[in-house]
Amino acid sequence: MTQITSINPTTGEAIRSFDLQDDSAIESTLAAAAKAQKAWAQVPLSERVKTLPRIAAVLRENKTRYADMIVREMGKPITEAEAEIEKCAFTCDFYAEHAPIWLADEPIATNAFETAVVFDPLGVVLAIMPWNYPFWQYFRFAAPALAAGNGAILKHANNVPESALAVQEVMEKAGLTATLLIDNAKVANIIADLRIAAVTLTGSTEVGSIVAAQAGRALKKQVLELGGSDPFIVLADADLEAAADTAVKARYINVGQSCVNAKRFIVETSVADRFTELFIAKAAALKIGDPMQRDTKIGPMARLNLRATLHDQVQRSIAEGAILRLGGTPIDGPGAYYPPTVLDHVTPGMTAFREETFGPVAAIVRADNADHAITLASDSEYGLGCALWTTDLTRARVLSRRIEAGAVFINGMTASDPRYPFGGIKRSGYGRELGSYGIREFTNIKTVWIGPAT
């Protein structure tokens, strides 16, 4: 493959084709990134963080253009695309303020004259990023990693090349990043290159396994944020109206195409019928249409093959005994549209419970009681996020410790935020992004022990 083509998922029309970089161009990129990072690492932290507000300003100044680009390439509603750009800018501003605190030397009391832990950059990090949040997925890694003194090379998903080059445009303000438009087959050699110190990947569990094996052979540090089948637990004492409002947003934001979307709605049987009726009514009211229209809530899925995979999962779930309550049929016409879909009476043996459904499909699962709900929530190979709805906060705190996930949101919807760490367990990956933990993932946590002078 020598070219990649950006396809508008709303119309199915080609936007533009891009030449892939050959081995010579890749070598030039690696050499330039390694050289730039060596110099960047010597810049004091207090000076490095000054680049982040400038990047935030570029994002905000070009928000309309970048948001339009996101919609054109992957189809999310324009209001969500604008929010994505703003979130990237906020994260840059946030790390400009907090990186000097979180990366400060930490003194330790020992029998030495002086002991401290210091946080040195690892080097150039290869960032392998997905299409579903083409700006946010990169900037949530890049803002803390660059503040810590690392360099970054972006290998973006091949269906969002315009967004990849726009990210490069923004990051040139820092002088520390490069974007590779390459065939996926070349990634393994780049990971093995001695100038790459570490790898971060956001993507599917299947791709994560491949990249982890490649990085493991090269003994490279990895952070993997992979698939998810997040539970949204509704206990009998929950505020059902509020829970249903949030549940619909948690499932259908980004047209359901996020690893951290709520996917399995586990509801105590005594309130399951009422919650399901509320959920269906609110989901059915979501406007489907042109994602450039500001009142559109459901745009197209990013690609036709993704829609085909999702529809197959729906059909298999129905054949296994799930009851279709809403949607469930691809929308005719141009574009990769799939309506908000609700499957009821889903059980653990069914496809919609077992697999990650990456699109606008909700699975309603009925639980006998709270203990059963917690058991069902953790009965998954994934462990990214979880939402738990109840008015009994004391019980919620106890139950949250039993849930196998990287995050539990009580009476809210799971989300990523630079103020706290984000990541998963089990087949949802390992390592953390964001917060104080995320900024240290790509650092050498070094002990400096000083004996008395002689």
Side-chain angles (χ1 to χ4, degrees), residues 205 225-240 242-244 246-248 250-251 256 258-279 313-314 316-323 325 342-358 361-415 422-430:
T205 298
E225 197 270 280
L226 308 177
S229 185
D230 283 12
F232 190 106
I233 303 169
V234 182
L235 300 185
D237 66 342
D239 180 336
L240 296 185
T246 303
V248 167
R251 180 59 222 141
S258 172
C259 51
V260 78
N261 277 122
K263 300 182 177 74
R264 296 176 296 139
F265 297 85
I266 301 171
V267 190
E268 280 199 77
T269 300
S270 61
V271 295
D273 286 342
R274 176 59 180 155
F275 173 83
T276 301
E277 294 305 321
L278 287 169
F279 186 95
Q313 290 174 308
V314 169
R316 283 189 283 132
S317 297
I318 294 170
E320 292 157 352
I323 297 173
R325 299 290 303 277
V342 178
L343 297 171
D344 197 1
H345 293 280
V346 173
T347 61
M350 296 178 185
T351 297
F353 190 100
R354 245 183 8 254
E355 298 180 6
E356 179 179 30
T357 50
F358 212 71
V361 173
I364 307 292
V365 183
R366 290 154 191 259
D368 298 336
N369 50 46
D371 284 339
H372 187 212
I374 299 303
T375 299
L376 288 168
S378 296
D379 183 14
S380 172
E381 64 182 21
Y382 299 107
L384 192 53
C386 175
L388 173 62
W389 281 73
T390 174
T391 55
D392 186 342
L393 298 186
T394 299
R395 181 171 67 156
R397 292 184 184 97
V398 173
L399 292 177
S400 71
R401 303 298 292 267
R402 294 172 50 194
I403 295 168
E404 297 172 1
V408 177
F409 281 62
I410 297 168
N411 296 332
M413 126 184 195
T414 307
F422 179 80
I425 59 172
K426 300 193 283 189
R427 287 176 64 81
S428 288
Y430 45 77

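Predicted model, so just to flag it, every value in this text is computed and none were measured. We're numbering straight along the sequence, starting at 1.
- Shown here are the salt bridge (Lys or Arg N to Asp or Glu O under 4.0 Å) partners of E320, two or more places apart in sequence or in another chain: there are none.
- Listed by chain and number, the residues in a side chain to side chain contact (heavy atoms under 4.5 Å, CB included) with A242 are D239, W389 (sequence neighbours excluded).
- Under the side-chain hydrogen bond (donor to acceptor under 3.5 Å, both in side chains) criterion, E356 pairs with no residue, sequence neighbours left out.
- No donor-acceptor pair closer than 3.5 Å links the side chain of T391 to the backbone N or O of A238.
- No side-chain donor-acceptor contact under 3.5 Å links T414 to the backbone of G385.
- Scored by the side chain to side chain contact (heavy atoms under 4.5 Å, CB included) test, S229 finds K263, R264, S380, Y382 as partners (sequence neighbours excluded).
- Residue D379 comes nearest to P348 through the heavy atom pair OD2-CB, 3.7 Å, listed as atom of the first residue, atom of the second, then distance.
- In this structure, the salt bridge (Lys or Arg N to Asp or Glu O under 4.0 Å) partners of D273, at least two apart in sequence or on a different chain, are R366.
- Not counting sequence neighbours, the partners of E404 by the salt bridge (Lys or Arg N to Asp or Glu O under 4.0 Å) test are K426.
- Of all heavy-atom pairs spanning L384 and G228, the tightest one is CB-CA, 4.5 Å.
- Among residues two or more places apart in sequence or in another chain, the ring pair (Phe, Tyr, Trp, His ring centres under 6.0 Å) test is passed with F265 by F232, F279.
- Under the side-chain hydrogen bond (donor to acceptor under 3.5 Å, both in side chains) criterion, E277 pairs with R325, sequence neighbours left out.
- With sequence neighbours left out, R402 forms a salt bridge (Lys or Arg N to Asp or Glu O under 4.0 Å) with D371.
- For A322, the side chain to side chain contact (heavy atoms under 4.5 Å, CB included) partners are S317, L343, V346, M350, not counting sequence neighbours.
- Summarising the geometry, atom CD1 belonging to I266 is positioned 10.5 Å from atom CD1 belonging to I364; distances are rounded to the nearest 0.5 Å.
- Formation of a donor-acceptor pair under 3.5 Å by the S428 side chain with backbone atoms of L226 is not found in this model.
- Judged as a side chain to side chain contact (heavy atoms under 4.5 Å, CB included), and not counting sequence neighbours, the contacts of R395 are L235, D237, A370, T390, D392, L399.
- To the nearest 0.5 Å, atoms CG (N261) and CG (D230) are separated by 8.0 Å.
- The distance from atom OG1 of T246 to atom CE of M413, rounded to the nearest 0.5 Å, is 8.0 Å.
- A pairwise comparison of heavy atoms in F275 and V234 identifies CE1-CG2, 3.9 Å as the closest pair.
- Here the side chains of T276 and V267 are not in contact, with every heavy-atom distance at 4.5 Å or above.
- Taking E268 as the reference, nothing meets the side-chain hydrogen bond (donor to acceptor under 3.5 Å, both in side chains) condition, with sequence neighbours excluded.
- R401 places none of its side-chain heavy atoms less than 4.5 Å from the side chain of V408.
- Rounded to the nearest 0.5 Å, atoms CD1 (I233) and SG (C386) are 4.0 Å apart.
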